[in-house]
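Below: the structure, in structure tokens.
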Amino acid sequence: MKVININSSYNSEFVKEVEEESGQKLNLCYQCGKCTAGCPYTDEYDICVSQIMRLTQAGQKETVLKANSLWLCATCESCTARCPNQIDVARIMDVLRHMARREGYGGTGRVKTFWDSFLSSVKNNGRVFEVGLLVNYISHTGRFWTDIDLGPTMLPKGKIHFKPTEMQGKKEVEKIFMRFKEESAK
Amino acid sequence: MKIGVFVCHCGSNIEATVDTAAVAAAAREFPGVVFATDTMYTCSEPGQDEIVDAIKEHNLGGVVVASCTPRMHEQTFRRTVERAGLNKYLFEMANIREHVSWIGKDREANTNKSVDLVRMATEKLLRNRALHPKKFTINKRVLIIGGGVAGIQAALDCADGGLEVVMVEKTSTIGGKMAKLDKTFPTVDCSSCILGPRMVDVAQHPNITLYAYSEIEEIKGYVGNFEIKVKKKATYVDWKNCTGCGICMEKCPSKKATDTFNEEIGKTTAINIPFPQAIPKKAKIDPAFCTMLKKGKCGICAKVCPSGCIDYEMKDEFITEKVGAIVTATGFDLFDWTVYGEYGGGRYPDVITSLQYERMLSASGPTGGHIKRPSDGKEPKNVVFIQCVGSRDKSVGRPYCTGFCCMYTAKQAILTKDHLPQSQSYVFYMDIRATGKLYDEFTRRAMEEYDTNYIRGRVSMIYPKGDKLLVRGADTLMGTQVEVDADLVVLAVGAESSAGASELAEKLRISYDSYGFYMEGHPKLKPVETNTAGVYLAGACQGPKDIPSSVGQGSAAAAKVLGLFSKDQLESDPQVSIVDIKRCIGCGKCIQTCPFGAIKEIDFRGMVKADVIETICQGCGICTSTCPQGAVQLQHATDNQILSEVNALCQF
Amino acid sequence: MNTSLNYAYYPGCSSTGTSIEYDMSSRAVCAALDIKLNDVPDWSCCGSTPAHTVDHSLSSALSARNLNQVASIGMDSCITPCPSCLANLKTATHRMEDEAFRNKVNKLLDKPADTRVSTKSVLQILVEDYGIENIRKKVVRPLKGLVVGAYYGCILNRPAELMQFDDSEHPMAMDNIMEALGATVVPFPLKVECCGASFGIPRKDVVMRLSGKLLDTAHAIGAKALVTACPLCQMNLDMRQNQINHANGSHHNIPIFYFTQLLGLALGLTEKEMGMNKLCVSPRTLLDAMANEETIKEKAA
């Protein structure tokens with residue numbers, strides 16, 4: 001365990017940034033744990049969501065942004081829906097992910113790779129191309145056996161297409177991504 | 001008039017953001033002011049002496065103190081000037097603390113505003129005149145509204161002190177919430193054993209008149225002379241002759257009536273006596289379930305009643321009582337926890353409230369004191385208690401702490417083990433609030449001796465799994481989610497103001513907070529007074545309270561009433577309206593608008609005129625703004641006085 | 001009943017692939033009920049969960065492009081069958097009320113976002129605009145003998161302030177529809193529990209655990225089938241049911257319908273129109289049993 005100096009380790013910039021980007025006031029949290037109590041992903045988390053809230057409140061930037069939990073939250077909103085202090089916890093988790101991405105944390109998780117593959121599919125096709133997404137994901141993770149067992153069932157159902165559906169405005173969508181990249185670089 | 005002005009620093013409360021010396025200096029230039037100074041604490045003994053000395057030395061005819069709100073110290077300084085021989089109405093206060101220093105940081109702006117307020121006060125004071133109160137006799141009877149433990153205590157203390165007491169109780173028995181409890185913390189003594197005798201005392205005390213199953217319809221009058229209209233709701237049973245034998249209950253065929261006393265754990269009969277120790281022990285018919293009243297068929301209770309008391313034609317009855325003081329002890333109700341969909345919202349029979357659990361624990365309750373699951377009647381093994389349901393929860397509009405749930409939950413956990421030694425209790429809590437005498441020791445005992453498993457965290461969800469309930473919560477100390485397989489879940493439901501509290505407050509003309517709890521006169525110094533003279537508070541109507549605090553307040557309110565009634569006459573406030581008979585045209589508009597009925601029509605040399613009954617007038621001023629002639633003037637706030645203040649403020 | 005129900009229709013990406021039967025059945029049901037759907041022209045992906053985990057302005061921009069497409073055909077009322085699309089479109093509209101945020105989003109777009117478009121789910125308009133009582137009147141083939149639980153998933157109803165539909169802890173819309181269609185509805189206790197969402201590919205173990213719990217619960221309460229309103233939920237419970245059985249050692253064989261499929265069936269539409277053959281867990285036995293009930297009843301009559 002690590003002994004934490006509560007004032008010298010407090011990163012006020014971090015706290016301010018989370019509050020501004022999420023529009024939530026962290027000090028409303030009184031650590032009742034109801035978010036953790038309802039979170040279906042606690043089983044997978046390295047730090048439970050109520051402790052993510054506490055660590056964020058306490059300005060422990062490094063510990064928070066390194067947490068695997070950030071990449072395992074599915075935004076199911078049970079924390080937000082039930083918080084007695086009406087804190088949008090799921091939105092804070094989202095904002096922490098944004099910050100972690102910006103600061104280069106959490107780049108190795110499979111969930112993040114999947115999300116990235118998803119977005120690159122959207123960027124290239126304007127819509128999600130499911131097979132393309134899977135291939136992209138497999139190529140990034142090397143997990144070539146992923147869902148291979150489903151093939152025999154799914155193929156005859158006519159649900160799997162090997163070409164993306166064509167849409168006119170896919171350049172418009174791509175431009176959204178390009179502009180986002182430019183804006184983020186500013 | 002020679003005026004003296006005293007500008008108070010209030011330590012640093014005012015001086016930190018107001019240049020009091022500058023305010024005093026400015027005041028010296030105002031018309032009439034012959035003396036002005038700033039003082040550290042004007043309300044202190046030397047501060048008051050300074051005023052007395054100045055009055056004598058400078059032969060002052062009036063005094064202005066610029067300090068805090070008149071609610072704080074107007075009475076103090078009025079006594080000070082009286083001590084120096086001035087009439088107490090030749091005094092004005094300028095509030096430069098609450099209205100200036102506490103709400104602004106700009107010293108220059110604050111100083112200027114303070115100067116304005118002092119100028120207004122001096123201009124008004126120049127037009128003040130000596131006023132003299134009248135005396136009136138008082139009715140030394142007291143009304144107690146609510147027959148819970150606080151009301152009972154107040155009633156018995158007043159009655160023992162020799163006062164005539166009228167008690168009005170909404171339900172058909174007194175005893176309130178305490179009568180529903182099995183045991184009380186931290187002594188675990190039997191609730192009805194300690195309350196029962198007090199209830200009997202109320203019934204038997206020669207000085208107490210009890211109206212049960214009655215409500216306050218209307219309140220007129222003022223301190224010393226209230227007139228109360230009481231609605232005695234129809235019970236359909238002649239209580240003069242009802243012996244409480246209970247035969248009607250045995251024979252009543254309508255057995256599905258709502259059992260309010262037992263918190264709907266079971267059902268009761270349409271004609272019922274709520275519980276064996278009820279006071280008065282009289283039957284009443286619930287018209288919503290009585291076949292005779294609904295369909296005109298049945299009539300069995302009338303046939304079996306040995307005293308012939310049943311009267312299906314009975315109507316509500318109205319009674320007028322005259323009293324000199326009122327103690328409000330209307331208690332609390334439980335928050336409607338069914339807003340918590342995640343706890344089942346009332347869909348799961350084995351999720352019950354703490355008060356329902358009390359009825360289950362009580363030997364006189366519907367299960368005869370046996371803990372049984374409502375769903376299948378089985379004894380539970382794992383009992384989960386969830387605290388703060390409707391307390392400390394902004395999302396349901398209840399941000400406050402109810403304050404006593406931690407204690408009764410510990411008690412219920414202890415009792416669970418006593419009833420079912422093989423059982424295991426779990427308590428989900430956020431913080432344990434056990435601040436009374438022997439309270440913390442008690443909650444510790446629940447853990448140390450009764451092996452209650454306390455889990456620090458809220459519960460997010462309850463759902464049925466087979467014949468059990470799965471309770472999913474957090475253990476924030478372990479830092480993870482936890483699940484408990486429960487046989488029974490007891491929700492420590494928080495307290496809210498009792499149903500109808502705000503309507504009653506309006507009849508009493510007392511204020512209430514945004515949750516419907518009544519406002520005390522001062523949060524620290526006037527805990528049982530209200531801002532309406534002669535109306536006092538006792539118990540949880542002012543805010544959630546446990547039994548000892550409620551009893552303490554009952555006694556405190558009684559002491560206040562006894563103190564009030566220690567005088568035979570009270571002084572009326574001379575700040576009342578007076579009619580200038582020469583200007584009055586007898587239009588009667590003031591009579592129509594007066595909310596207190598304090599203005600009557602008189603004949604003056606053959607002409608109709610208005611006349612104010614000084615003891616009834618509350619000085620609200622509505623008549624003065626209604627009068628088309630300016631003939632009615634409120635003393636100490638006349639048109640001239642108010643206009644002089646306006647002119648003093650708007651001189652540029 | 002409003003006889004001129006008319007909406008822009010945003011099918012969402014999965015409608016072209018894994019949830020094709022949801023799209024087919026939604027369209028067919030609306031047609032059968034005279035609800036006019038106008039396809040959002042050249043719609044694109046809303047960004048789903050991945051976009052909002054990257055940035056809120058990116059997510060809203062991807063949604064806003066579609067809101068603009070809705071406005072381009074002169075409509076301001078859009079419906080979608082998919083809760084994830086719904087949440088994104090609604091969130092975008094809601095957040096863009098804030099001017100600073102809207103400006104940020106507009107920087108990513110070809111033309112400024114149209115914030116007048118409101119979005120609802122197909123389920124919501126069927127319940128609120130069309131009305132369950134009117135649906136009841138249209139039933140020609142009641143779902144007699146079908147014992148079904150309704151599973152809503154995590155984001156269809158929450159957060160309540162945003163979604164503004166039904167009850168966030170105990171939704172009843174699909175329960176009530178199924179009841180109106182003549183099915184026997186068993187209360188499903190985990191109506192709003194998450195199924196594992198989009199973690200099927202990267203973290204199959206999570207879906208096995210969460211969706212497995214849902215199937216166990218459905219089995220325990222005696223539901224012979226579940227109805228869903230979400231492509232992800234349906235996919236996890238249906239397409240992955242075998243994987244779940246394999247991972248958890250269970251033997252579930254619970255058909256997972258889109259509510260629109262059963263609705264269409266009850267309205268007299270064919271199994272083929274409802275894409276019943278697209279389901280992985282075959283509903284054959286259940287559907288035959290229902291048909292039997294029907295014949296028995298007819299014979300009795």
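Chain letters run A, B, ... following the sequence lines, proteins first and then strands; every chain starts at 1.
By the neighbour-count criterion of 12 heavy atoms within 6.0 Å, atom NZ of A/Lys157 is densely surrounded, having more than that number from other residues, nucleotides or ligands. Residue-environment remark: CD (B/Glu441) exceeds the threshold of 12 foreign heavy atoms within 6.0 Å. Few gaps surround NZ on B/Lys417; more than 12 heavy atoms of other groups in view lie less than 6.0 Å from it.
Scanning residues 390-411 of chain B against chain A with a 4.5 Å heavy-atom cutoff picks out B/Arg392, B/Asp393, B/Lys394, B/Ser395, ordered by number. The contact list for residues 129-156 of chain A toward chain B, using heavy atoms and a distance under 4.5 Å, is empty. Taking 4.5 Å as the heavy-atom cut-off, the residues of residues 75-100 of chain A that approach chain B are A/Arg82, A/Cys83, A/Pro84, A/Asn85, A/Gln86, ordered by number. Contacts between residues 20-38 of chain A and chain B, counted as heavy-atom pairs separated by less than 4.5 Å, involve A/Leu28, A/Tyr30, A/Gln31, A/Cys32, A/Gly33, A/Lys34, A/Thr36, A/Ala37, A/Gly38.
Proximity to chain A is limited to the side chain of B/Tyr340, based on heavy atoms less than 4.5 angstrom apart.
Note on B/Ala474, B/Gly457, B/Gly341: by heavy-atom pairs under 4.5 Å with chain A, the leading option is B/Ala474.
Between atom SG of residue A/Cys48 and atom CD of residue B/Gln481 there is a gap of 9.5 Å, rounded to the nearest 0.5 Å.
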